[in-house]
Participant: 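Attaching a single structure in structure tokens format; questions to follow.
It should be emphasised that the depicted structure is a prediction, and the values quoted were computed from it without experimental measurement. Along the sequence shown, residues are numbered consecutively beginning with 1.
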Amino acid sequence: MECIFCRIAQRKQLAKIIYEDDLSVAFDDINPQAPVHTLIIPKKHISTNLDLREEDNVLIGHLFQVANKIARDKGIAERGFRLVMNCNPESGQTIFHMHLHIFGGRRMHWPPG
């Protein structure tokens with residue numbers, strides 16, 4: 001079965017895309033857990049962060065810069081936001097295409113659970 005996030009990156013699957021460049025795509029989550037819940041994915045398929053290679057270091061930095069831009073654009077940067085990257089089933093990863101969640105627009109609680 002083809003990866004749904006690869007399909008979104010290739011524009012074969014509908015998503016509310018809010019940002020795109022040569023390396024990444026960002027789109028709003030279809031089941032938001034906060035007023036702002038956006039996913040940032042690399043266009044390159046990487047299943048989990050354990051599959052990262054040294055040549056992906058620039059890509060990872062880029063994803064965090066995209067997260068900062070989106071947080072500013074959505075007006076949550078100054079109040080605060082949370083970035084989450086799950087790895088494997090016990091963490092809650094359900095789609096095995098590495099992705100970064102941006103949560104914001106409400107007070108976050110700790111521990112996240």
Participant: Would you compute the distance between atom SG of Cys3 and atom CD1 of Ile8 and round it to the nearest 0.5 angstrom?
Facilitator: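 Taking SG in Cys3 and CD1 in Ile8, the distance rounds to 8.5 Å.
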Participant: Side-chain heavy atoms nearer than 4.5 Å, only ILVMFWY residues, links allowed to pass through others: does that put Phe27 and Phe96 together?
Facilitator: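 Not linked; separate clusters.
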Participant: Once side-chain hydrogen bond (donor to acceptor under 3.5 Å, both in side chains) is applied, what residue pairs with a partner in residues 29-45 remain, sequence neighbours excluded?
Facilitator: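 Output for this query lists Glu20-Lys43, Asp28-Thr38, Asp29-His37, His37-His101, Lys44-Asp56, His45-Ser47, His45-His97.
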Participant: Donor-acceptor pair, Arg7 side chain versus Lys12 backbone, under 3.5 Å?
Facilitator: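 Yes, the answer is positive, given that a donor and an acceptor are paired below the 3.5 Å cut-off.
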Participant: To the nearest 0.5 Å, what is the distance between CZ (Phe64) and CG (Leu59)?
Facilitator: 11.0 Å
Participant: Between Arg106 and Arg79, what is the shortest heavy-atom contact and its length?
Facilitator: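 Scanning both residues, the minimum pair turns out to be N-NH2, 4.1 Å.
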Participant: What's the verdict on side chain to side chain contact (heavy atoms under 4.5 Å, CB included) for Asn57 and Ile60, showing C-alpha distance, side-chain angles and the deciding distance?
Facilitator: CA-CA 5 Å; Asn57 289 347; Ile60 294 305; 5.7 Å; no
Participant: Compare every heavy atom of Val66 with every heavy atom of Ser24, then report the nearest pair and how far apart it is.
Facilitator: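 Closest pair (atom of Ser24, atom of Val66, distance): OG-CG2, 3.7 Å.
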Participant: Can you name the closest pair of heavy atoms from Gly105 and Pro35 and give their distance?
Facilitator: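 Shortest heavy-atom contact: O-CG, 3.4 Å.
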Participant: For the hydrophobic clusters of this structure (ILVMFWY residues joined by side-chain heavy atoms under 4.5 Å, transitively), does one cluster hold both Tyr19 and Leu100?
Facilitator: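 Linked within one cluster.
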Participant: Nearest 0.5 Å, please: how far is SG in Cys6 from CD1 in Ile95?
Facilitator: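 Going from the CD1 atom of Ile95 to the SG atom of Cys6 covers 11.0 Å.
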Participant: For His99 and Met85, which heavy atoms make the closest approach, and how far apart are they?
Facilitator: O-CG, 3.5 Å
Participant: Would Ile70 end up clustered with Ile76 when hydrophobic side chains under 4.5 Å apart are linked, directly or stepwise?
Facilitator: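 They do share one cluster, since a chain of ILVMFWY contacts under 4.5 Å joins Ile70 to Ile76.
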Participant: Which heavy atom of Ala67 sits nearest a heavy atom of Ile102, and at what distance?
Facilitator: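 Closest heavy-atom pair between Ala67 and Ile102: CA-CD1, 3.7 Å.
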Participant: Do the side chains of Ile4 and Ile17 join up, straight or via other hydrophobic residues, at under 4.5 Å, putting them in one cluster?
Facilitator: yes
Participant: Just one of Leu50, Ile41, Leu63, Ile40 clears the side chain to side chain contact (heavy atoms under 4.5 Å, CB included) bar with Met98, so which one?
Facilitator: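 The single option meeting the side chain to side chain contact (heavy atoms under 4.5 Å, CB included) with Met98 is Leu63.
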Participant: In terms of hydrophobic clustering (I, L, V, M, F, W, Y; side-chain heavy atoms under 4.5 Å; direct or indirect links), are Phe5 and Val25 co-clustered?
Facilitator: yes
Participant: Within a 6.0 Å radius of atom CD on Glu55, are there more than 12 heavy atoms belonging to other residues, nucleotides or ligands?
Facilitator: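 Yes, CD of Glu55 has more than 12 neighbouring heavy atoms, counting only those of other groups under 6.0 Å.
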Participant: Between atom CZ of Phe81 and atom CG of Asn68, what is the distance when rounded to the nearest 0.5 Å?
Facilitator: 5.0 Å
Participant: With sequence neighbours excluded, tell me which residues meet side chain to side chain contact (heavy atoms under 4.5 Å, CB included) with Ser91.
Facilitator: Asn86, Gln93
Participant: Take a 6.0 Å sphere around NZ of Lys69 and say whether it holds more than 12 heavy atoms from other residues, nucleotides or ligands.
Facilitator: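 Result for NZ/Lys69: open.
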Participant: Mind listing the closest non-hydrogen atom pair of Gly104 and Ala34 along with its distance?
Facilitator: O-CB, 3.6 Å
